[in-house]
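First listed ligand is number 1; within each ligand, the first listed atom is number 1.
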Amino acid sequence: MAYVEIYPNRVYQNAVFLNKLCAEAKIEVIGVTKVTCGDPNIAEKMLKAGIKIIGESRLENIKRLKKEGIGAKFMLLRPPEQARIREALELAHYFLISDLKVLENFIDIDNTTEKGYIYMVDTGDLREGVWYAEALPELLKAYEIAGRKLLGIGTNLGCYGGVKATPEKFALLEELSEKFRKSTGFELQILSAGNTASLPLVERGIVPPGINQFRLGESIICGTDVTNNRNVPGTRQDNFILYGQIIELKRKPSIPEGEIGLDAFGRKPRFEDRGTRLRAILDLGEQDILPSGLIPMVDGAEVLHASSDHLIVDLTEVPKAFKVGEYMPFRMSYGALLRAMTSTYIRKEYVYAL
Ligand SMILES: *Cc1c(COP(=O)(O)O)cnc(C)c1O
């Protein structure tokens, strides 16, 4: 059975490094565990590294973390369906909100004094948040609804539009916060600007001074920054290793024979004639991984394609003679890891070596 080796102590090293980097810039880190579906062994390492708040997007993940004894405060990064707002209030402390109606729904049943809301502002990436140019009136309404529970404002870049963070984008948050203070006399405590895609600004020391919170997932967990197409300096990338088992090994032509339609996912497959190739089929598929996000750790191996549950790997250029029943290791992109952690068909194995 295919499995993922998880190295929590390596994630710990990344968390220590990034938490320190941000602390030096007076930025608090929220540790985001959603790519691991709320893995308590990962959250535990984040807390041990000095991170105080865990960010999650799904209530099931927070439930899992709490059940396994993770005693942190939680930030819910995305509101749940309306019928589950009460449950959300029971599970989390901080909420990223981007809609006045949703904020009202929360406030209507939030009879505590300790919950906090961060209103999201879209600074150009076109995912969640009120468009920055129209944000002030909406923030004033949010303050009417939430009062002092409106702790701050936030933005998210790099996730939908792939828009990169710049000091100018973050300055929009500062300016808004200043205008808000002038109108209301109330000071917003939190400017929650970044995710992993914003780390280059911290590294270069050019985050505007008012920004005081980053929400980091990918960089801590994978050591990568997909938006900027790089490994994050000072982190490691071997925290999760996927192993698929070879279930067929054969030499076959590189071009299919017959009239070509679409593949199992409605895609038009493309082929190049490279003669006869040695191909392995592994016990993995689109249901478990993102084939384009697999990086073989075997020199010369090349991922060709996957259907729901067959992953085809070209081994022609591999010096080692693999046999059926052997496992092949892969590193994974954020997207591939997300699927692997979500797949119930992939066993999870914890390795505490460094
Ligand atoms: C997932 C998520 C993050 C974490 O982003 P990374 O790129 O993994 O660091 C931060 N903020 C929000 C709102 C998110 O949904």
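Of the protein's heavy atoms, N195 CB, 3.4 Å lies nearest to atom 5 (O) of ligand 1. Shortest contact from atom 4 (C) of ligand 1 to any protein heavy atom: R215 O, 3.7 Å. Scanning all protein heavy atoms for the shortest distance to atom 1 (C) of ligand 1 gives K34 NZ, 1.3 Å. When only non-hydrogen protein atoms are considered, atom 9 (O) of ligand 1 lies nearest to T196 OG1, 2.6 Å.
With contacts defined as side-chain heavy-atom distances shorter than 4.5 Å, the pair N14/I221 does not qualify. Inter-residue side-chain proximity for P200 and D225 is flagged as met; some heavy-atom pair is nearer than 4.5 Å. Within the 4.5 Å cutoff, the side chain of I220 has no heavy atoms near those of the K45 side chain.
Considering backbone and side-chain atoms together, V32 places no N or O closer than 3.5 Å to any N or O of ligand 1. Where the criterion is an N or O separation shorter than 3.5 Å, residue side chain and backbone included, S219 fails it with respect to ligand 1.
Of the heavy atoms in L216, only backbone atoms (N, CA, C, O) come closer than 4.0 Å to ligand 1.
Within the structure, ligand 1 has R127 among the residues with a heavy atom less than 4.0 angstrom away.
Those atoms of ligand 1 with a heavy atom of E128 less than 4.0 angstrom away are 13 (C). Per-residue contacts place L96 under 4.0 angstrom from the following atoms of ligand 1 (heavy atoms of the residue considered): 13 (C). In the vicinity of N156, heavy-atom distances shorter than 4.0 Å reach the ligand 1 atoms 10 (C), 11 (N), 12 (C), 13 (C). Taking every heavy atom of E218 and a limit of under 4.0 angstrom, the matching atoms of ligand 1 come to 6 (P), 8 (O), 9 (O).
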For a side chain to side chain donor-acceptor pair (under 3.5 Å) check, start with the C-alpha distance between Q13 and R236, then their side-chain angles and the critical distance, and finish with the verdict. CA-CA 8 Å; Q13 288 185 330; R236 52 196 293 177; 3.0 Å; yes
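We find the CZ-CD1 distance between F170 and I206 to be 9.5 Å, quoted to the nearest 0.5 Å.
Test D122, T123, N195, D125 against T155 for side-chain hydrogen bond (donor to acceptor under 3.5 Å, both in side chains) and you get one pass: T123.
Aromatic pair Y119/Y143: centroids not less than 6.0 angstrom apart.
One side chain, T224 or E218, offers a donor N or O that lies under 3.5 Å from an acceptor on the other.
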